[in-house]
Asks: 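First, the structure itself, so that you have it in front of you.
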Amino acid sequence: QVQLVESGGGLVQPGGSLRLSCAASGSIFSINHMGWYRQAPGKERELVAVITNGGTTNYADSVKGRFTISKDNAKKAVYLQMTSLKPEDTAVYYCNMNTWSGDYWGQGTQVTVSS
């Protein structure tokens with residue numbers, strides 16, 4: 001019933017930028033915080049950035065100063081602006097929304113940084 005739909009991934013050169021979007025559909029309520037995770041080949045899924053209901057943000061050390069997370073409560077959406085992209089940012093990116101009743105995940109969108 002609940003789906004998180006992601007968009008914005010693609011292939012970019014090192015130093016380039018991408019903006020990922022994630023919007024929820026269905027009956028999702030009481031969102032505590034939203035976030036972005038990523039998973040590179042052969043590695044575990046890791047936290048990239050989170051934003052609380054009050055707007056507080058936290059980032060992985062590897063992306064601080066380069067990525068910015070934002071949200072739109074009315075649209076039930078979360079965004080990730082990525083700049084100064086590096087090859088090591090290559091991964092499948094997943095959005096997440098945490099609620100009192102559980103977590104919801106997007107389908108994943110591929111980000112490839114290569115020259």
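Heads up: numbering here begins at 1 and tracks the sequence. Excluded from the calculations below are hydrogen atoms, water molecules and symmetry mates; all remaining heavy atoms, backbone and side chain alike, are included.
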Asks: Decide whether Ile51 and Tyr94 are clustered together by the hydrophobic rule: side chain heavy atoms of Ile, Leu, Val, Met, Phe, Trp, Tyr closer than 4.5 Å, transitively.
Replies: no
Asks: For the atom pair CE (Met34) and CE (Met97), what is the distance rounded to the nearest 0.5 Å?
Replies: 4.5 Å
Asks: What's the spacing between Arg19 CZ and Met82 CE if we round to 0.5 Å?
Replies: 11.0 Å
Asks: Just wondering, do Thr68 and Tyr59 contact through their side chains at under 4.5 Å, heavy atoms?
Replies: yes
Asks: On a heavy-atom basis, which atom in Cys95 and which in Glu6 lie closest, and how many Å separate them?
Replies: N-OE2, 2.9 Å
Asks: When rounded to the nearest 0.5 angstrom, what distance separates SG in Cys22 from CD in Gln107?
Replies: 8.0 Å
Asks: For the atom pair CZ (Phe67) and OG1 (Thr83), what is the distance rounded to the nearest 0.5 Å?
Replies: 7.5 Å
Asks: Is it the case that more than 12 heavy atoms not belonging to Glu88 sit under 6.0 Å from its CD atom?
Replies: yes
Asks: Spell out, yes or no, whether Val92 and Val78 are grouped together once hydrophobic residues are joined by side-chain heavy atoms under 4.5 Å, including indirect joins.
Replies: no
Asks: To the nearest 0.5 Å, what is the distance between OG1 on Thr57 and NE2 on His33?
Replies: 13.5 Å
Asks: Is it the case that Ser114 and Thr112 place a side-chain donor and acceptor less than 3.5 Å from each other?
Replies: no
Asks: Near Gln3 CD, under 6.0 Å, is it more than 12 heavy atoms from other residues, nucleotides or ligands?
Replies: no
Asks: Between Leu4 and Val111, is there a shared hydrophobic cluster once you connect ILVMFWY residues whose side-chain heavy atoms come closer than 4.5 Å?
Replies: yes
Asks: Applying the 4.5 Å side-chain criterion to the ILVMFWY set and letting contacts propagate, would Val113 and Val63 be lumped into a single cluster?
Replies: yes
Asks: Any idea which heavy atoms bring Ala40 and Ala91 closest together, and the distance?
Replies: N-CB, 3.8 Å
Asks: So which atom in Phe29 and which in Ser27 form the shortest heavy-atom distance, rounded to 0.1 Å?
Replies: CE1-CB, 3.7 Å
Asks: Where do Arg38 and Ser62 come nearest, in terms of heavy atoms and distance?
Replies: NH2-OG, 3.3 Å
Asks: Under 4.0 Å between a Lys/Arg side-chain N and an Asp/Glu carboxylate O for Asp89 and Lys86?
Replies: no
Asks: Can Leu80 be reached from Ile31 by stepping across I, L, V, M, F, W or Y side chains whose heavy atoms are under 4.5 Å apart?
Replies: yes
Asks: In Å, rounded to the nearest 0.5 Å, how long is the span from OG1 of Thr90 to CD of Gln110?
Replies: 7.0 Å
